[in-house]
Protein chains: 2
Amino acid sequence: MEDSNTVLGKALAILRAFGPADSVLPLAELVRRTGLAKGTAHRVAGALVHHRLLDKTEHGYRLSGGLFELGLRAATERTLLELAMPFLQDLYERTHETVHLGVREGHEVVYLAKIGGHRQTRAPSRTGGRMPMHCTAIGKVLLAHAGEDEWAAVLTGPLERRTPRTVIAPGLLRRQLDTALETGVAYEHEESAPGLLCVAAPVLRPDGSTVVAAISVMGPVGRFRPESHETAVRAAATALGSTLARRRP
Amino acid sequence: MEDSNTVLGKALAILRAFGPADSVLPLAELVRRTGLAKGTAHRVAGALVHHRLLDKTEHGYRLSGGLFELGLRAATERTLLELAMPFLQDLYERTHETVHLGVREGHEVVYLAKIGGHRQTRAPSRTGGRMPMHCTAIGKVLLAHAGEDEWAAVLTGPLERRTPRTVIAPGLLRRQLDTALETGVAYEHEESAPGLLCVAAPVLRPDGSTVVAAISVMGPVGRFRPESHETAVRAAATALGSTLARRRP
DNA sequence: CGGTGGCGTTCCACTCAGCGGTACGCTCTT
DNA sequence: AAGAGCGTACCGCTGAGTGGAACGCCACCG
């Protein structure tokens with residue numbers, strides 16, 4: 001990771017130094033994480049503040065609202081999100097469980113939306129966050145439809161064990177992907193976090209060949225029966241799929 | 001606007017060249033909008049692609065998913081959004097009308113969330129979008145609680161006329177702000193777009209002095225009675241307010 | 001057709017923006 | 001009192017960045 005020869009590289013190193021959990025980082029911490037010289041970091045951070053990508057607070061720097069605003073201009077994710085929202089809404093209203101919308105980016109899942117009520121299941125997923133593909137229902141669905149190349153890449157790579165139930169055997173995972181392709185849905189049983197169950201269905205292009213995204217419903221072990229929501233999730237996903245087809249020929 | 005002496009300035013000029021409506025812009029268009037030299041724009045855009053802030057397509061450049069992801073790391077708006085979602089959800093479920101969450105940024109409103117069903121009222125607002133303060137219910141509420149300085153700044157500035165009903169008389173607007181402070185809600189009657197009505201309530205810090213955000217419900221003239229949703233909106237806003245207080249002491 | 005204009009891309013010599021080591025002042029802790 | 005860690009400020013060197021020029025490629029048109 002030596003992109004830091006250009007100013008832009010340094011700037012992005014600083015911006016990306018903020019993990020999902022960090023809200024405000026002091027200059028010294030930025031220096032530590034980025035490996036930049038103190039003077040340089042100071043100056044670049046100052047420039048970023050000037051451009052409204054960072055806020056300077058008493059205790060350090062913070063990603064600013066300007067960045068949030070800019071991010072929401074990203075065309076593809078935005079229109080997908082806007083079109084999907086009503087369906088996610090419906091799905092939530094019908095199930096009253098946590099609903100996700102996710103897309104594939106690289107070999108991971110990125111969540112575009114996560115909606116749920118007050119007693120929301122405390123899940124590791126967050127809007128804008130990433131998760132591995134092999135241990136989430138959305139990930140499996142996306143992977144299942146991603147084509148042989150992607151299968152190979154993921155199945156041969158190391159499969160991180162998140163919980164005792166995470167599927168890390170390539171053979172078993174492959175079989176799950178096969179059935180996901182047949183049945184049109186994928187399940188997760190406490191594979192990304194203990195106590196969580198999940199069903200997901202793919203949002204497909206009308207030709208049925210390519211996946212655009214996936215929708216899932218998640219709930220806690222005990223009251224939650226993933227199977228009983230299978231049809232609802234599938235319905236939402238296919239409905240979104242044909243709406244997308246209508247708008248984007 | 002001559003921030004374009006530094007690389008960072010040029011990069012941001014390019015990113016911000018994308019209006020809310022543009023999805024993909026060819027290099028030539030970027031050159032036109034930013035005023036950069038062709039060679040420079042080419043190189044900087046290339047660098048941005050390399051850093052996953054832009055995507056290069058057949059027809060030009062496009063804001064990339066990486067930017068979306070980065071934007072959702074912005075701490076303040078993100079936690080606000082996450083905490084607010086359940087309440088917006090409830091509100092939507094109760095009213096089945098378009099629900100907004102907005103904050104003040106500069107002298108404008110920025111929408112952090114917009115949720116609504118399929119028959120969604122076609123409103124000019126978009127998630128991540130901006131609107132003037134004087135012609136929206138959310139804007140009026142935010143302005144009303146923003147303090148005398150802000151009042152002065154907005155009331156003396158030019159008030160853009162968006163529709164025949166937009167309030168552009170400073171005196172009338174000031175009176176509306178007064179009553180908004182008294183009653184705790186603000187209304188909009190086709191002031192930002194024809195055919196749209198709106199009620200908004202402020203999300204306050206527990207001391208009641210400062211506004212954090214505002215919530216609104218919007219609907220079309222005819223079936224929609226803003227007054228009948230006043231209590232629901234106010235309830236959602238105060239509930240969110242006390243939740244925020246609990247989490248951020 | 002050959003011409004013309006807009007486009008994306010590549011090249012290159014100049015130069016100033018950016019660099020990072022050094023130094024200072026501040027606030028805590030020891 | 002001394003030290004550690006922080007944010008800030010300064011400054012001379014240098015190569016990253018610059019933008020004008022030139023090229024090849026369509027698509028349109030007289």
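Heavy-atom basis, side chains included; hydrogens, waters and symmetry copies ignored. Since the model is a prediction, treat every value here as computed from it, not as a measurement.
A distance of 8.0 Å separates CG in L143(B) from CZ in R104(B), rounded to the nearest 0.5 Å. Annotation: the span from L204(B) atom CG to L244(B) atom CG amounts to 10.5 Å, rounded to 0.5 Å. Here the CZ atom belonging to R162(B) is positioned 12.5 Å from the CD atom belonging to E191(B), to the nearest 0.5 angstrom. For the atom pair H145(A) NE2 and L177(A) CG, the distance stands at 10.5 Å (nearest 0.5 Å). In this structure, N5(A) CG and K10(A) NZ are separated by 6.5 Å, a value rounded to the nearest 0.5 Å. Atom CG of residue L54(B) and atom CZ of residue F18(B) lie 5.5 Å apart, to the nearest 0.5 angstrom.
Within a 6.0 Å sphere centred on NE2 of H50(B), other residues, nucleotides and ligands contribute 12 heavy atoms or fewer.
The end-to-end axis angle of the helix from dG8(C)-dC23(D) to dT30(C)-dA1(D), rounded to 10 degrees and based on five pairs per end, is 40°.
For T6(B), the side-chain contact (heavy atoms from CB on, under 4.5 Å) criterion is met by L8(B), not counting sequence neighbours.
Between L240(B) and L88(B), every side-chain heavy-atom pair lies at or beyond the 4.5 Å cut-off. For the pair V141(A)/I138(A), no side-chain contact is recorded, criterion being any heavy-atom separation below 4.5 Å from C-beta on.
Nucleotides of DNA chain D lying under 4.0 Å from heavy atoms of chain A occupy a range whose first and last members, 5' to 3', are dC6(D) to dG17(D).
Taking a cutoff of 4.0 Å between a charged side-chain nitrogen and a carboxylate oxygen, K140(A) and E150(A) do not qualify as a salt bridge.
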Identify all side-chain donor-acceptor contacts of residues 123-134 of chain A below 3.5 Å with residues at least two apart in sequence or on another chain.
from    : atom 1 : to      : atom 2 : distance (Å)
S125(A) : OG     : H100(A) : NE2    : 2.7
R126(A) : NE     : E82(B)  : OE2    : 3.1
R126(A) : NH1    : P20(A)  : O      : 3.4
R126(A) : NH2    : E82(B)  : OE1    : 2.8
R126(A) : NH2    : E82(B)  : OE2    : 3.3
R130(A) : NE     : E69(B)  : OE2    : 2.4
R130(A) : NH1    : E108(A) : OE1    : 2.9
R130(A) : NH2    : E69(B)  : OE1    : 3.1
H134(A) : NE2    : E160(A) : N      : 3.4
H134(A) : NE2    : E160(A) : O      : 2.7

Its contact letters, B for base, S for sugar-phosphate only and - for none at protein heavy atoms under 4.0 Å, make nucleotides 8-13 of chain C read BBB---
Could you go through nucleotides 17-19 of chain C and list every protein N or O atom that sits under 3.5 Å from one of its N or O atoms, giving the distance for each pair?
from    : atom 1 : to     : atom 2 : distance (Å)
dG18(C) : OP1    : V7(B)  : N      : 3.3
dC19(C) : OP1    : K10(A) : NZ     : 3.1
dC19(C) : OP2    : R43(A) : NH1    : 2.7
dC19(C) : OP2    : R43(A) : NH2    : 2.7

